[in-house]
Amino acid sequence: MVETTSVVVTIAAEEPAVVQVGEVSIQDAWERVRRRLRAELGEDVFSSWFGRLEIAGIVEGVAYLTVPTRFLKSWLEAHYTERLRVNCMAELPAPNGVMLSVRTVSRDPAAQPQIEALRNRTATVASPAPAEAGRPVASLSPASESDLVDACGTALDRRMNFQSFVVGKSNQLAFAAAERIAAAPAGQSPYNPLYLHAGVGLGKTHLLQAIAQEARRQGKRVAYFTADRFMYGFVAALKSQTALAFKEKLRGIDLLVVDDVQFIQGKSIQQEFGHTINALLDAGKQIVVAGDRMAGELEALDERIRSRLGGGLVVEVGELDETLRATILSSRLEALQTAHPNFQVSPDVVAYVSRVVATNGRDLDGAANRLLAHATLSGQLVTLETAEAAIRDLVRTREPRRVKIEDIQKLVATRYNVSRADILSERRTAAVVKPRQIAMYLSKALTPRSLPEIGRRFGGRDHTTVLHAVRKIEKAISEDRSLHDEVDLLKRMLQE
């Protein structure tokens, strides 16, 4: 929802625009957003999930919204992301979307707004800061807490370590790479940069936190950022005229870890991010970055940044298979049973829940919490029937598989007995032109990519070439039943 190279850097003349919460126009616009949500969802749903949602400010066209708990943040992200985005962009001056975070400052009416505090403090680079948005930290004594704060003041979540990460077929390569990087002596990592990509709730944040903690334990200077914290830090440094200190602080670390890189926005922020990556890589320092898609598909990021990130080890954290989901759910239930000894769940219930909750690890957490709530509030045993009722809202129709242009090209090439290189080439023989045009048509139909982007992925062709191919195949499948069935089969194969 929120969505940036030489050691010496010149700050761009134009500074990111920061809109304070106190401005009447923003408050009025936010009230209009709330009214729209209430009208669309009804009073009960609005009060339950949106009543405590507040606006912290607008930075470079991104509306920063805050909630009091991590659970509420995760729920809104899982169920109402698109509705929030549409309504906020309709009423707020936020053309780049919205970002949800957990409130980490006092909500006393006399307190300054969160965005103002972020603008005026220099603690972003000089002293310990509140816990990362959406990354709660267990209550610690002052002595132990200092062991979990990185070089730039971010408090790490001690629960997200290698020991608590559940390894399966879909994530074992990412886990092995993460462990190798964390254990390698400073400047001697074999994989640099490491870029992890995965959908929501598949464990990439857990791995990043584990890398940061293990490297910190070994005495390395670590900086861990989410995209929104990096943006906040850079904006605060510009406003407080401490940009040079901010940059010097980053240049002095051994390991930079950045999560949700797809949310980094703004020309000057992306420039600084790119300069930081280049400076660290040139100095032999380790970089670990995570995003929600392949580096080459991060169209909002500068092309040079995408190239740098894609030039190292790129690992996808795959979807959780049923066996891994069952293992994760069992570990969550065991942790809950430690605090609630009378809470028992049979293997049949675990098998059922892990089979029907097929989305991500966060929904498995939600399922475990719902089972606990049912058992403790009703005083009844958890049966298959009660489990089905408790997790009904988590059993959603599975979203279609995200199709990539590269997958389309490979499948079409195999189907028509040509190579992917043929499809991308300038060859104009009938044996190559037809599969190329079908691949372009499928790319337009099954991906959100624009015509110019599709043309670029097909050997740097112009968007008019793609448009011609799409129209030609559309006409052909309307007239040729066998071609229609053939293209339909390719669609199903790509989406399954």
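We count residues from 1, following the sequence as given.
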*asked:* Is there a side chain to side chain contact (heavy atoms under 4.5 Å, CB included) between Thr447 and Lys404? Walk through the geometry before answering.
replied: CA-CA 7 Å; Thr447 77; Lys404 301 176 183 178; over 6 Å; no
_Verdict with reasoning, Ile287 to Leu194, per side chain to side chain contact (heavy atoms under 4.5 Å, CB included)_ = CA-CA 6 Å; Ile287 293 176; Leu194 170 66; over 6 Å; no
*Please walk me through it: do Gln213 and Gln209 pass side chain to side chain contact (heavy atoms under 4.5 Å, CB included)?*
CA-CA 6 Å; Gln213 292 187 55; Gln209 286 261 355; 3.8 Å; yes
*side chain to side chain contact (heavy atoms under 4.5 Å, CB included) between Arg85 and Tyr80, intermediate numbers included*: CA-CA 9 Å; Arg85 186 186 69 81; Tyr80 295 103; over 6 Å; no
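Distance CZ/Arg38 to CZ/Phe50: 11.5 Å, rounded to 0.5 Å. Separating the CZ atom in Arg362 from the OG1 atom in Thr205 is a distance of 6.0 Å, to the nearest 0.5 Å. The structure places CG of Leu451 at 10.5 Å from OG1 of Thr465, a figure rounded to the nearest 0.5 Å. To the nearest 0.5 Å, the span separating CD1 on Ile328 from CG on Leu333 amounts to 12.0 Å. How far OG of Ser354 is from CG of Leu329: 6.5 Å, rounded to the nearest 0.5 Å. Residue Asn171 holds its CG atom at 10.5 Å from NE2 of His206, rounded to the nearest 0.5 Å.
Side chain of Asp260 to backbone of Asp292: no donor-acceptor contact under 3.5 angstrom is found. A donor-acceptor pair under 3.5 Å is formed between the side chain of Arg325 and the backbone N or O of Val357. Side-chain atoms of Asn161 come within 3.5 Å of backbone atoms of Arg158 as a donor-acceptor pair (strictly under, hydrogens ignored). Side chain of Glu316 to backbone of Arg293: no donor-acceptor contact under 3.5 angstrom is found. A donor-acceptor contact shorter than 3.5 Å links the side chain of Asn369 to the backbone of Asp365. Between the Gln344 side chain and the Leu381 main chain, no donor and acceptor come within less than 3.5 Å of each other. Here the side chain of Asp488 pairs no donor or acceptor atom with the backbone of His484 at under 3.5 angstrom. In this structure a side-chain-to-backbone donor-acceptor pair under 3.5 Å is present from Lys204 to Ala198. Between the Ser443 side chain and the Ile454 main chain, no donor and acceptor come within less than 3.5 Å of each other. Judged by distance alone, with hydrogens and angles left aside, the side-chain atoms of Arg456 form no donor-acceptor pair with the main-chain N or O of Pro452 at under 3.5 Å.
When side chains are defined from C-beta on, Tyr195 does not count as touching Val315, because their heavy atoms never get closer than 4.5 Å. Under the 4.5 Å side-chain criterion, counting only non-hydrogen atoms from C-beta, Leu324 is in contact with Val166. At least one side-chain heavy atom of Met440 sits less than 4.5 Å from a side-chain heavy atom of Arg461. Residues Val349 and Thr383 fail the side-chain proximity criterion, which asks for heavy atoms closer than 4.5 Å. Counting heavy atoms from C-beta on, the side chains of Tyr441 and Val487 come closer than 4.5 Å. Side-chain contact between Val356 and Ile391 is present, with at least one heavy-atom pair separated by less than 4.5 Å. Residues Leu364 and Arg332 fail the side-chain proximity criterion, which asks for heavy atoms closer than 4.5 Å. Here the side chains of Leu494 and Lys491 are not in contact, with every heavy-atom distance at 4.5 Å or above.
Residue Leu489 places its CG atom among more than 12 non-hydrogen atoms of other residues, nucleotides or ligands, all under 6.0 Å distant.
Nearest heavy-atom pair, Leu92 versus Ala63, reported as atom, atom and distance to 0.1 Å: CD1-CB, 4.0 Å. The minimum heavy-atom distance linking Trp30 with Cys88 is given by the pair CZ3-SG, 4.1 Å. Nearest approach of Ala212 to Tyr224, heavy atoms of both residues: CB-CD1, 4.2 Å. When every heavy atom of Glu77 is checked against every heavy atom of Leu100, the shortest pair comes out as CG-CD1, 3.8 Å. Taking all atoms of both residues into account, the shortest heavy-atom contact from Gly51 to Arg34 is O-NH1, 3.8 Å. Residues Phe343 and Ala375 share a closest heavy-atom pair of CD1-CB, 3.7 Å.
Under the 30°/60° scheme for interplanar angles, the aromatic rings of Phe165 and Phe175 are found to lie parallel.
Note on Arg392 versus Glu388: no salt bridge recorded, every NZ/NE/NH1/NH2 to OD/OE distance being 4.0 Å or above. Between Glu322 and Arg355 there is no salt bridge, since no side-chain nitrogen of the basic residue lies less than 4.0 Å from a carboxylate oxygen of the acidic one. A salt bridge does not link Arg35 with Glu31: none of the charged nitrogens is closer than 4.0 Å to a carboxylate oxygen.
The stretch residues 467-478 participates, sequence neighbours left out, in these side-chain hydrogen bond (donor to acceptor under 3.5 Å, both in side chains) pairs: Lys475-Glu479.
The side-chain contact (heavy atoms from CB on, under 4.5 Å) test with Leu446 is passed by exactly one of Ile405, Val403, Leu490, Asp407: Val403.
Side-chain contact annotation: Thr327 with Ser330, donor-acceptor N/O pair under 3.5 Å absent. Between the side chains of Asp348 and Ser346, no donor-acceptor pair is found at a separation under 3.5 Å.
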